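Working notes for the structure below.
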Amino acid sequence: MRLFSNAVVRTFAPQAASSAPDSNTPASIASDPSESNTDKVPDPTSTPTSDLTQAAPDAILVDGETIVAIGTRAELLDIAAAESSTTAALASAGGVGATTVIPGLEIDEIDCSGQVILPGFVDGHIHSILYADSLTDLDLSQTKSLAEAVAAIRARADSLPVGTWVVGSGWDLNKWEDPSYPDRELLDAEVPDHPVAMWSLDLHTLWVNAHALEIAGIDEATPDPSGGSFVRDDDGQFTGLVREDATDLVARFIPEPSREDQVERLATTQELFLSQGLTGIHDFDGIASTLGWNDLHAAGRQDMRVTLFLRSPEVPWAIETAWHTGDGDDWLQCGGLKLFSDGALGSHTSHMSSAFPAIDGEDENFGVVQMTEDELFDQAHIATEAGISVAIHAIGDQANHHVLAVYDRLRETTKAAEEKFGRPLRHRVEHAQFIQPADVARFAELGVLASMQPRHCISDLHLLHLIDESAQLAAYAWPDLLDAGAHVVFGSDGPVEHANPFAAIYAAMTRANISGDASTTFQPHRRLSAVEAIRLHTQGPAFAAGLEDRRGYLAPGMDADFIVVDTDPCAAEGLNVDHSSVGAAECDGLIGYDSEDALFAHAEAIRDTRVALTVVGGEVKYRA
């Protein structure tokens with residue numbers, strides 16, 4: 001057994017999950033891990049009922065991969081001793097109690113140095129392979145102009161053999177001093193001897209030079225594919241910008257690392273995730289991540305839990321190999337199928353009901369429809385019938401409207417598949433950034449999960465002028481969806497955003513830029529408390545994966561996935577964790593704090609949290 005002691009344990013368990021009267025007070029009665037925890041399943045949308053005036057437990061007892069008990073150190077030593085053959089022998093011989101004399105008790109005690117234990121965070125939407133690549137490719141996210149970006153590309157090219165691809169990401173024209181679209185002219189002049197491919201920050205636009213287009217066999221006669229486009233100037237010449245599905249026609253020529261190198265990159269990325277408090281991820285990189293994680297798993301090097309999602313071309317293979325959502329083991333789980341309805345806000349390709357402001361004389365632009373409603377339905381129907389849930393990318397309000405219509409049409413098929421395969425198929429909308437007011441309640445009515453990323457809200461602050469205010473859209477509307485009864489899942493969409501979940505909690509609490517400038521706050525009435533944001537980063541992904549009876553909070557019988565951190569998100573002057581999102585709208589977004597200053601002080605402390613230990617399956621997988 002392993003005992004984690006000298007800690008402040010924040011279980012985040014609902015009242016029904018504990019024998020104790022409160023979700024953050026001791027749950028010292030051990031339960032049989034073999035028993036079902038169905039009666040302890042929390043509602044991820046429920047309002048927390050913690051009373052922080054009561055003392056929190058100070059220890060967790062783990063046996064194998066399962067939590068045995070939570071309570072005081074003395075209580076848990078007694079429980080551990082009761083399971084010990086040594087203690088049983090002492091008792092039969094008239095020996096004394098476990099907390100007095102335990103001569104042969106086999107227990108590994110880890111002192112948490114008075115820090116805070118939280119449930120392990122799970123990123124509900126991340127791209128592990130792209131994240132791994134981003135750690136080695138050129139990063140343009142800090143460039144302030146087109147010229148600065150080209151200079152960085154030239155410098156990277158100078159370090160590579162002639163003819164080698166120069167690959168990078170992170171440029172954002174909306175942050176440049178001259179916010180105009182880049183083209184290939186400067187690239188062709190400065191880097192003619194290398195093919196260049198630079199992804200935009202949102203990964204929906206690719207900026208390339210003539211050399212890259214030549215290698216890809218693309219010229220002015222190449223037609224735009226469905227769901228994508230090659231941007232052309234007034235003379236019909238390619239500008240070097242490639243959007244949405246058209247990027248595949250170039251990206252397939254970019255050399256990939258060997259399978260061995262990719263696994264090493266993934267292992268490095270896994271270590272980063274663990275250091276940030278992630279014990280699991282929902283991975284949307286398709287077959288590439290499936291192969292990578294399978295290799296790590298087979299080598300005994302997988303240290304976090306992964307739910308894998310498919311891409312559309314992989315569906316025939318998935319059906320042939322009997323891939324069913326929910327299959328797998330405790331470490332690698334089969335997820336669903338990801339489809340795309342539209343693009344992204346920064347690339348001006350999210351499908352909106354109102355046109356984007358014109359830039360560089362472009363035609364009226366309502367975004368890009370990557371798949372029509374009928375095309376989405378056809379793909380979703382095939383997957384659902386085969387026992388594969390569906391997750392559809394939708395950022396613009398019109399895209400979300402169409403996706404909800406798809407799920408409405410899919411209801412009977414979903415019900416039949418759930419009965420056939422004996423498990424829930426929890427369909428999702430990925431991002432759901434802009435929603436028409438009448439569609440908010442439809443998420444709950446249809447049982448569709450909203451998979452959202454709080455960092456998008458604050459990273460998009462400089463883009464929100466692109467949205468037609470007269471449409472009165474629900475923007476980054478986490479509390480609206482919760483109040484409607486919908487399930488919300490938090491994640492990062494890394495590498496578009498950094499994977500650190502504590503920065504995401506800050507974003508949900510403040511809706512202000514990452515530096516802590518309160519004047520940048522966007523719609524403060526839509527803020528969430530730290531407690532609710534943590535639930536959506538723990539219980540939300542567990543529910544989405546059908547694992548709410550095993551993960552998402554800390555209680556006897558649950559999987560031993562938790563983290564030890566230096567900041568208590570449940571303790572701050574003026575904090576009222578009972579404050580619901582409805583109440584937040586009635587107090588100008590202070591979410592229970594005495595003042596804006598108090599809110600930001602606590603949010604910034606959470607943002608800067610450091611992880612001391614990450615425990616997955618009862619084993620320490622990361623130690624600072």
Side-chain angles (χ1 to χ4, degrees), residues 38 124-125 226-227 245 248 282-291 293-294 306-329 332-342 351 369-394 398-432 439 442-451 486-487 489 540-549:
T38 304
H125 183 120
S226 175
D245 286 355
D248 293 340
H282 293 188
D283 195 333
F284 283 79
D285 272 348
I287 193 64
S289 62
T290 299
L291 293 173
W293 286 110
N294 271 295
V306 180
T307 299
L308 298 162
F309 280 76
L310 301 160
R311 294 298 183 95
S312 188
E314 297 152 13
V315 170
W317 165 82
I319 293 175
E320 182 179 344
T321 57
W323 173 301
H324 302 135
T325 296
D327 282 354
D329 59 25
L332 278 177
Q333 181 194 40
C334 296
L337 165 66
K338 184 183 181 183
L339 300 171
F340 286 84
S341 176
D342 67 344
H351 187 196
V369 178
Q370 289 209 49
M371 296 178 72
T372 67
E373 184 178 314
D374 286 342
E375 289 170 337
L376 287 169
F377 174 77
D378 289 343
Q379 289 287 316
H381 185 266
I382 292 170
T384 302
E385 277 196 323
I388 301 171
S389 64
V390 182
I392 305 180
H393 167 116
Q398 198 63 22
N400 277 280
H401 185 73
H402 286 312
V403 169
L404 290 171
V406 168
Y407 286 137
D408 193 5
R409 293 167 61 182
L410 201 61
R411 279 206 258 193
E412 290 304 316
T413 303
T414 301
K415 182 179 178 181
E418 289 178 332
E419 292 176 355
K420 177 181 178 180
F421 294 99
R423 68 194 65 182
L425 294 179
R426 290 169 178 161
H427 300 313
R428 308 161 45 143
V429 174
E430 301 306 313
H431 312 307
D439 281 340
R442 295 193 71 203
F443 277 84
E445 293 167 3
L446 297 171
V448 174
L449 281 64
S451 171
H487 288 283
V489 181
F543 181 83
L547 295 169
E548 66 273 21
D549 62 337

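What's counted below: heavy atoms across the whole structure, side chains too, no hydrogens, waters or symmetry copies. What you are looking at is a predicted structure, and each value in this text was computed from that prediction instead of being measured.
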Exercise. Side chain of Gln333, backbone of Ala545: donor and acceptor closer than 3.5 Å?
Worked result: yes

Flag, side chain of Trp323 to backbone of Gly336, donor-acceptor distance under 3.5 Å: no

Table please: side-chain donor-acceptor pairs of residues 379-388 below 3.5 Å, with sequence neighbours left out.
| from | atom 1 | to | atom 2 | distance (Å) |
| --- | --- | --- | --- | --- |
| Gln379 | OE1 | Ser312 | OG | 3.0 |
| His381 | NE2 | Thr413 | OG1 | 3.4 |
| Thr384 | OG1 | Ala380 | O | 2.8 |

Counting C-beta onward and ignoring hydrogens, is there a side-chain heavy-atom pair between [X] and [Y] closer than 4.5 Å?
X	Y	value
Arg426	Ser389	no
Thr414	Tyr407	no
Phe340	Asp245	no
Asp408	Arg442	yes
Phe284	Glu430	yes

Which of Leu291, Ile287, Asp285 passes side chain to side chain contact (heavy atoms under 4.5 Å, CB included) with Ser289? Answer is Asp285

How close do [X] and [Y] get, heavy atom to heavy atom, and via which atoms?
X	Y	value
Gly540	Val489	O-CG2, 3.6 Å
Ala486	Ala444	N-CB, 3.7 Å
Val403	Ala394	CG2-CB, 3.9 Å
Ala432	Asn400	CA-OD1, 3.5 Å

Rounded to the nearest 0.5 angstrom, the NE2-OG1 distance for His125 and Thr307 is 13.5 Å

The reported gap from CG in Leu410 to NE2 in His427 (rounded to nearest 0.5 angstrom) is 4.5 Å

Ionic contact status for Asp374 with Arg409, cut-off 4.0 Å: yes

The single option from His487, His393, His282 that satisfies side chain to side chain donor-acceptor pair (under 3.5 Å) with Arg428 is His282

With sequence neighbours left out, the residues meeting ring-ring contact (aromatic ring centres under 6.0 Å, His included) with His402 are His351

List the atom pairs, donor and acceptor, that lie under 3.5 Å between side-chain atoms in residues 418-425 and the rest of the protein, sequence neighbours left out.
| from | atom 1 | to | atom 2 | distance (Å) |
| --- | --- | --- | --- | --- |
| Glu418 | OE2 | Leu425 | N | 2.9 |
| Arg423 | NE | Phe421 | O | 3.4 |
| Arg423 | NH1 | Thr325 | O | 2.9 |
| Arg423 | NH1 | Asp327 | OD1 | 2.6 |
| Arg423 | NH2 | Asp327 | OD1 | 3.3 |

